[in-house]
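The shown structure was predicted, so the numbers you read here are calculated from the model rather than taken from an experiment. First the proteins, then the strands, lettered A, B, ... as listed; each starts at 1.
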Amino acid sequence: MKFSVTVFPGSNCDHDCEYVVRNVMGQPVEMVWHKETDLRNPDCVVVPGGFSYGDYLRTGAIARFSPVMKSVADFAAKGGLVIGICNGFQILCEAGLLPGALLRNKGLQFICQNVYIKVEQTDTPYTNACKPGQVLKIPIAHGEGNYFIDPEGLKKLKDNRQIVVRYCDIKGNLTPESNPNGSLDNIAGICNEKRNVFGLMPHPDRSAEDILGSHDGQFIWNSILAAKVGVS
Amino acid sequence: MSPTMMDIEITPKIIAEHGLKPDEYDRICKILGRKPNMTELGLYSVMWSEHCGYKHSRALLKTLPTKGPKVLQGPGENAGIVDIGEGWAVAFKVESHNHPSAIEPYQGAATGVGGILRDIFTMGARPIASLNSLRFGPLTDPKVKRLFAGVVHGIADYGNCMGIPTVAGEVVFDENYSENCLVNAMSVGLVRHEQIIRGRATGVGNPVIYIGATTGRDGIHGATFASTEITNESTEKRSAVQVADPFMEKLLMEATLELIHGDLLVGIQDMGAAGLTCSTCEMASRGGAGIEIDVAKVPQREKGMTPYEILLSESQERMLLVAKPGNEQKVHDILAKWDLHAATIGIVTDTGRMVVKENGKVVADVPADSLTEAPIYHPAKSEPAILQKHRDFDEKSVLIPKDLPDVLLKLLSDPTIASKRWVYRQYDHMVRSNTLIRPGSDAAVIRVKGTKLGLAMCIDGLGSYCSLDPYEGAKIVVAEAARNIACSGAEPIGMTDCLNFGSPEKPEVFYYFDRVVSGLGDASRAFGIPITGGNVSLYNENPSGAIDPTPIVGMMGLFQNVDIAVTQWFKDEGDLVYLLGNIGDSIGASRYLQIQHGKKTGLCPKLDLGVELALHKALRELAESKILQSAHDSSDGGFAVTLAECCMTGLTHEAPMLGAKLSLPGSGRLDGRLFGEAQSRAVVSCNPGQAAQLEAVAKKYGVPIEKIGQAGGDSLVIGSEINLPVSKLADLFFTSIEKIMA
Amino acid sequence: MSWHVSVYVTLKPSVMDPQGATVQRALNQMGYKAVTGVRMGKFTELEFEAGLSEEDVKKQGDEICDKLLANPNIESYRFTVEKK
Amino acid sequence: MSWHVSVYVTLKPSVMDPQGATVQRALNQMGYKAVTGVRMGKFTELEFEAGLSEEDVKKQGDEICDKLLANPNIESYRFTVEKK
Ligand SMILES: Nc1ncnc2c1ncn2[C@@H]1O[C@H](COP(=O)(O)OP(=O)(O)O)[C@@H](O)[C@H]1O
Ligand SMILES: [Mg+2]
């Protein structure tokens, strides 16, 4: 399966994603500079974490105007798989490929730590290798991961089962204490209506090897490999 | 230059305002064979400041051991470099940003991180980790709270945005830092041997290129500012505050590494303290060449800047480089890719002179060497009378408290001892997916992808010990850092130091400085760990006196096989727990004596360098033989705090807490055995099947060893003195700073 | 002479503002008990070339706010235009 | 009814504004070439109890800006007061 990782000025998990895809999952990967428009014919595009444009103004606000994002939008419209991690999630929301927005963490601080997330939907290309309700241990590292959407938007997310992962405790309970950033309804990651675009704040790129303290991120990568890709 | 500036008559007042002494001015006149103009005076003023010129410290620093078989680069360049095998080397250095942080904590700390990162990638190394060592007054003071929060926020924002994990550090809160906080930042980078590059200008006619942020009036006289005491006046020198731009630095880092790895450069140097002046004259001087630049070509942010201002500006996120012949266009292309400013501002010459022009007209012309060779002073020193008082302190006058469990709880809640989770949670310590041991254990551990190699790193300082016994205290700083590395199972391969002191012009302060440097040197020699670079921050004074002499040591350790790395917390029910080393019973100089009895005095623990080294060797062999389940060095807070940490710090890596049932070894004062800070000790555990091997290794190295009990249960039991639920210990330890900062 | 556009971006009333709430708490603790609400927003000053017509400046200002300076999901904006 | 205070905090002119510079570059690249400068600041709205006198509101507003909302080392501020 072919992956492309977009690289914006200020991306800094681009190498981590590249490493996981190539060295841990054993798949070919291309790095695509933000000024380019040719995605190199991938099956899946990864929009990595980091601080594109320094996160100046608003996270993801400037990156969405990069030439490469037009290609990513076209690719997604054709049904291609697009996963945005952390800053990548923020960019996808800003670009309108995913609904809602990510506000400053409730505690106003950047938080770096492992958290637990509960897999709420398994019929997505990103979670098909998980069991319903499975709890994954995956790190977060962000200052603006507080997911927000208006009530109608939330209803739509629920009706379409677009809430894919939510923050929980180690046993899978969706408690306020296990919600690290104040996200609405403990939302950690969502997909679009067509389910081919996925964004999440936690980092499956940092948790795909036991030596790093968790390999749970592999469930997400394995799901992508197992997904039937169809770019029409 | 505006003619008005050229014509300014240089008066003794102007000379003094530039921080130059009358005889230094005479020396400048002699070097030039004439009087300097204002611009030239500015050049000497910044380069001969303490911060850049090391006037008072250079003679003593020369006594430090800097060589070793693995040292590829010692002091003198932007960072030291040590070989780690397989064609890889590690570059690292620590630097202070104390004064700017005191004035503007967020920007000061952030630009401090930016500066040290530039020092690393300037060598061709990709930064892989950052560390920091912080000192503040007591957290009960709301002003200190704001300072602490601002500094941590600044460090976090800069490192996080750069995508470089901040993996370790230390924080101490003590009265003596109330008016002078210390912010020391360290960075570590990885480089292939063949890609190491230095800050040298060579090759007559080669282009000198300026890249990065534009030059503004910020930070003019930052270097001289960092070298003078904080007075009420310095709040007026506000232009010395620079605004950090980590995004620009990230671009600069990627572009710089692309240029270096593309073999396009002869030399490169960042613009830190003393800005363009420093980078220009240092590159020329190291390369044995001359340099000629035209300030009119420097990209400027503000209108009407004079050559004096352009040369002295400390605008951040800028670099100066010398391209290989014929590569100028390629350099500009790469910079354009990263949307960075670049301007060819001059050429390398063979005159040995630093010549500055403005639109072709010479405005400064001085020998480059003369700027980098500031006068060397040998200040007077005299032992402060208070040291004898500390030595004479009678421990017997201190009553042993009745409720020892309460003392333990009190110590665990002391912000200096308590977990710094509130701090490191704000740092991205996992980015780049190499961090195997995150903050929470004795040393952080980073893997080197594509190899089995790993790096252990830590940063330590002990101002209070040094204030009581500077020589012994300095030895202990080195020993503690090396012990932290050894507990993780790695071999120490090099260190960097930052010396934070008061005014060297006061004989009592200089006495401390002299003794500390001796202690660092002796420990470094005894352990065979070279000091490959460092930084000196003097004049940390305020109207009520100098700070404690505070040497900070950053240490690097190497794993041939990083899979063996050991963490400090107990692992399994039933594991056997041992004390390596002697328990001791003195309470001198301990945090306990300070917290419980309000006394910062007593005999500093003695450190036998040979005994200490044997412990490190034993710990390493134990780790390499995979005998250890855990290893934790025993330092501030003493034996009881060490054991409590072994029980609960697994939480930092999502491991469960685990109690232990242990005896209290030794004889003598109970409080000394529980809370005293005798050196050369570690608490280790192994599963029962490996007990014999563990004991044999300890014996082999002559390290005293005593089995003290077993891990297990929900409580920490130490003899008949202490029996407390671990959950209670953890609650205080992990949340005490959080509660204060909420 | 140039066109000077001042843009005010505020969070929509329905969006939580943790920063504002924190500032308010801090102010109340500092003794400013009469402060009953705090909302944080952004203030951006744009300079445009003097050659543009006022209409053009307004049009471009509107677009810039819509596309970049404000996120319509959570923020609203207003701006003023002056020549000075 | 309550007092409504609008506070504008801007970086002092001599202080570098990396955020503004980045936004300006982005706008120019997006085609807004007539934008010649961008400075980013903060905009804070404070509510005060109606019972206070205008003078008191101004006095407290001044103090609050000085102590908390602006960093006098690098920023300046101004504010307006309205009753509404
Ligand atoms: N400012 C900081 N930044 C990052 N990590 C920190 C900081 N302060 C403390 N830590 C981490 O917390 C742990 C305990 O610190 P400390 O008590 O100083 O360790 P030790 O006594 O072993 O030197 C270590 O892992 C250390 O790296
Ligand atoms: Mg330790």
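Using a distance-only test at 3.5 Å, with no hydrogens or angles considered, a donor-acceptor pair links the side chain of S4(A) to the main chain of L39(A). The closest donor-acceptor contact from the side chain of T22(C) to the backbone of P18(C) lies under 3.5 Å. Of the possible polar contacts, one joining the E75(C) side chain to the N71(C) backbone as a donor-acceptor pair under 3.5 Å is found. With hydrogens and angles disregarded, a donor-acceptor distance shorter than 3.5 Å links the side chain of T124(A) to the backbone of T127(A).
Using a 4.5 Å heavy-atom threshold, the side chains of T10(C) and Y77(C) count as separate. Taking the side chain as every heavy atom from C-beta outward, R64(A) and L97(A) never approach each other to under 4.5 Å. Contact annotation: the side chain of K67(C) approaches that of F65(A) to within less than 4.5 Å [non-hydrogen atoms, C-beta and beyond]. When side chains are defined from C-beta on, F110(A) does not count as touching N105(A), because their heavy atoms never get closer than 4.5 Å. Between E45(C) and V5(C) the shortest side-chain heavy-atom distance does not fall below 4.5 Å.
Looking at every heavy atom in both residues, T122(A) comes nearest to C130(A) through CG2-O, 3.3 Å.
Residues satisfying the salt bridge (charged side-chain N to carboxylate O under 4.0 Å, His left out) test with K35(A), not counting sequence neighbours, are D339(B).
Proximity to chain C among residues 179-207 of chain A is not found for any residue, judged by heavy-atom separations below 4.5 angstrom. Within residues 45-58 of chain A, the residues having any heavy atom under 4.5 Å from a heavy atom of chain C are, by residue number, L57(A), R58(A). The contact list for residues 143-164 of chain A toward chain C, using heavy atoms and a distance under 4.5 Å, reads N146(A), F148(A) by residue number.
Contact of V15(C) with chain A is made through backbone and side chain together, with heavy-atom distances under 4.5 Å. Neither the backbone nor the side chain of K12(C) comes within less than 4.5 Å of any heavy atom in chain A. I74(C) touches chain A through its side chain: at least one heavy atom from C-beta onward sits under 4.5 Å away, while N, CA, C and O do not.
Partner L92(A) forms a side-chain contact (heavy atoms from CB on, under 4.5 Å) with one of V82(A), N87(A), I85(A) and no other, that one being V82(A).
Ion pair K70(A)/D74(A) flagged as a salt bridge, since at least one NZ, NE, NH1 or NH2 atom sits closer than 4.0 Å to an Asp/Glu carboxylate oxygen.
When the shell of 6.0 Å around NZ of K59(C) is examined, it contains 12 or fewer heavy atoms from other residues, nucleotides or ligands.
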